[in-house]
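Remember, predicted model here, so these are calculated numbers, not experimental data. What you see below is based on every heavy atom in this structure, not just the backbone, and it leaves out hydrogens, waters and symmetry mates. Residues: numbered from 1 along the sequence shown.
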Amino acid sequence: MKFKFGLLLLLCVGTCAYGQKNCLNFHVIDSAPLGFVDSNGEKRGVHIELLKNIEQLSGICIRLELMPYARILHSLQEGQHDGGILFRYPQNSSFIDFVEHVQDMQTIIVANRRFKLSSLASLDGLIIGKTRGTDLSDTISLAGKFNVVELTNYGQAAALLNKGRIDAVAGSALVLYYQLSHVYLGQEPIDFANKLVLGTRAQWLQLSKKTPTSIDVVRLKRATATAVADPSYKALMQQYYGVDWQKVNQ
């Protein structure tokens with residue numbers, strides 16, 4: 001019995017040492033509710049918790065780093081970190097491997113209640129904010145046609161819309177809903193029925209092609225699919241985006 005316990009302990013120590021030494025370095029987009037530091041100094045967010053669950057299910061050590069979106073693609077291309085969750089863009093396939101689908105996200109434009117959004121033509125004359133480096137649609141390009149200003153993150157976009165510095169904001173429906181609900185707390189909220197739908201983007205777990213080939217990608221893929229299919233994932237989405245998150249994303 002003592003021999004078996006000692007052997008198990010030895011195997012555990014060896015596995016833990018190997019896992020820690022060969023951790024994957026994953027980004028989390030530094031924007032609530034995807035990833036942020038709470039008042040206690042703890043990293044929290046939808047992708048923080050989902051990736052921790054994937055780590056547990058796969059047995060593959062994953063270190064998480066909050067990163068601004070604008071820095072992520074260059075870092076993946078150069079192999080400065082290993083991967084994370086991002087929208088899938090076919091043009092990035094030269095330096096990224098797409099591991100597993102996570103979530104489809106609607107991309108939209110919402111505006112101050114003074115403006116009625118009925119078509120792209122209704123955007124004429126409006127100042128539209130979007131996060132820097134975000135490609136919103138494969139078929140609709142706002143740049144060059146409308147007055148678009150690029151911003152650091154969704155929080156800045158929501159604050160500027162609240163202050164009347166911009167007239168509308170474009171981006172992920174769920175993240176905009178989260179940010180605007182917090183900015184307009186206690187005030188008349190943005191009407192999400194008054195929106196223009198630009199399309200749908202698919203979030204995928206992705207790896208840099210410069211990530212070591214020793215990584216068990218099949219195990220990572222299966223763990224991601226299992227984590228997303230589990231009811232706890234829907235509970236996680238509801239925790240951060242609210243009970244109506246599925247309606248917002250339609």
Side-chain angles (χ1 to χ4, degrees), residues 27-49 65-73 84-87 103 105-117 120 122-137 140-143 145-199 201 203 237-245 247-249:
H27 70 257
V28 174
I29 298 173
D30 188 5
S31 180
L34 304 178
F36 60 97
V37 177
D38 67 15
S39 57
N40 296 319
E42 298 291 329
K43 291 179 183 177
R44 293 183 56 216
V46 177
H47 288 177
I48 292 283
E49 295 179 46
E65 178 185 355
L66 294 177
M67 295 177 65
Y69 181 85
R71 206 180 96 206
I72 288 172
L73 287 178
I85 298 172
L86 279 176
F87 287 135
Q103 174 81 43
M105 305 280 279
Q106 194 179 74
T107 55
I108 64 171
I109 299 176
V110 289
N112 185 292
R113 282 181 176 269
R114 302 195 311 271
F115 306 105
K116 178 65 178 176
L117 302 184
L120 285 176
S122 63
L123 299 175
D124 286 339
L126 301 189
I127 302 173
I128 306 165
K130 68 177 281 291
T131 52
R132 187 174 294 108
T134 303
D135 188 4
L136 298 168
S137 171
I140 300 171
S141 176
L142 300 178
K145 296 180 181 179
F146 303 102
N147 187 4
V148 177
V149 293
E150 294 207 331
L151 305 171
T152 304
N153 53 50
Y154 282 106
Q156 183 187 22
L160 290 177
L161 186 65
N162 185 34
K163 294 176 182 177
R165 305 280 181 83
I166 58 176
D167 303 312
V169 59
S172 166
L174 285 174
V175 180
L176 286 176
Y177 181 74
Y178 175 92
Q179 289 287 351
L180 291 168
S181 296
H182 283 70
V183 166
Y184 283 81
L185 191 65
Q187 306 174 49
E188 186 178 16
I190 292 291
D191 181 10
F192 269 76
N194 178 32
K195 66 182 179 182
L196 285 181
V197 178
L198 299 177
R201 285 292 186 201
Q203 287 182 338
M237 295 290 283
Q238 183 171 317
Q239 174 189 341
Y240 283 99
Y241 294 115
V243 293
D244 293 327
W245 72 270
K247 291 181 182 178
V248 173
N249 200 38

I would like to know whether Asn249 and Gln103 meet side chain to side chain contact (heavy atoms under 4.5 Å, CB included); could you show each step before the answer? CA-CA 10 Å; Asn249 200 38; Gln103 174 81 43; 3.8 Å; yes
[X] to [Y] - nearest heavy-atom pair and separation:
X: Leu66; Y: Ile29; value: CD2-O, 4.4 Å
X: Ile48; Y: Gly35; value: CG1-CA, 4.1 Å
X: Val175; Y: Ala32; value: CG1-O, 3.9 Å
X: Val183; Y: Ala159; value: CG2-N, 4.2 Å
X: Pro33; Y: Tyr178; value: CD-CD2, 3.4 Å
X: Gln179; Y: Gly155; value: OE1-CA, 3.4 Å

Any sub-3.5 Å donor-acceptor pair from Asn194's side-chain atoms to Leu117's backbone N or O?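 The answer is yes, because a donor-acceptor pair under 3.5 Å joins these two groups.
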Beyond-backbone contact of Gln238 with Trp245, side-chain heavy atoms, under 4.5 angstrom: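 Counting from C-beta outward, Gln238 and Trp245 do come under 4.5 Å.
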Could you check if a side-chain atom of Tyr241 sits within less than 4.5 angstrom of a side-chain atom of Val248, using non-hydrogen atoms only?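 Tyr241 does not reach Val248 side chain to side chain.
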For [X], all residues meeting ring pair (Phe, Tyr, Trp, His ring centres under 6.0 Å), sequence neighbours excluded:
X: Tyr154; value: none
X: Phe192; value: Tyr177
X: His27; value: His81

Nearest-0.5 Å distance that lies between atom [atom1] in [X] and atom [atom2] in [Y]:
X: Asn112; Y: Leu161; atom1: CG; atom2: CG; value: 6.0 Å
X: Ile108; Y: Leu174; atom1: CD1; atom2: CG; value: 8.5 Å
X: Lys195; Y: Ile109; atom1: NZ; atom2: CD1; value: 12.0 Å

All salt bridge (charged side-chain N to carboxylate O under 4.0 Å, His left out) counterparts of Asp30, not counting sequence neighbours: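 Partners of Asp30 by the salt bridge (charged side-chain N to carboxylate O under 4.0 Å, His left out) criterion come out as none, since no residue qualifies.
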Can Ile166 and Leu151 be said to form a side chain to side chain contact (heavy atoms under 4.5 Å, CB included), step by step? CA-CA 11 Å; Ile166 58 176; Leu151 305 171; 4.3 Å; yes
Only pairs at least two apart or in different chains count here, so list each side chain to side chain donor-acceptor pair (under 3.5 Å) that has a residue in residues 33-44.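 Passing the test, one end in residues 33-44: Arg44-Tyr240.
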Full working for side chain to side chain contact (heavy atoms under 4.5 Å, CB included) between Leu123 and Leu142: CA-CA 10 Å; Leu123 299 175; Leu142 300 178; 4.2 Å; yes
Looking at residues at least two apart in the chain, or sitting in another chain, which of them share a side-chain hydrogen bond (donor to acceptor under 3.5 Å, both in side chains) with Arg165?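 With sequence neighbours excluded, Arg165 shows a side-chain hydrogen bond (donor to acceptor under 3.5 Å, both in side chains) to no residue whatsoever.
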Would you sort out whether Asn147 and Asp167 count as a side chain to side chain contact (heavy atoms under 4.5 Å, CB included), showing the intermediate values? CA-CA 10 Å; Asn147 187 4; Asp167 303 312; over 6 Å; no
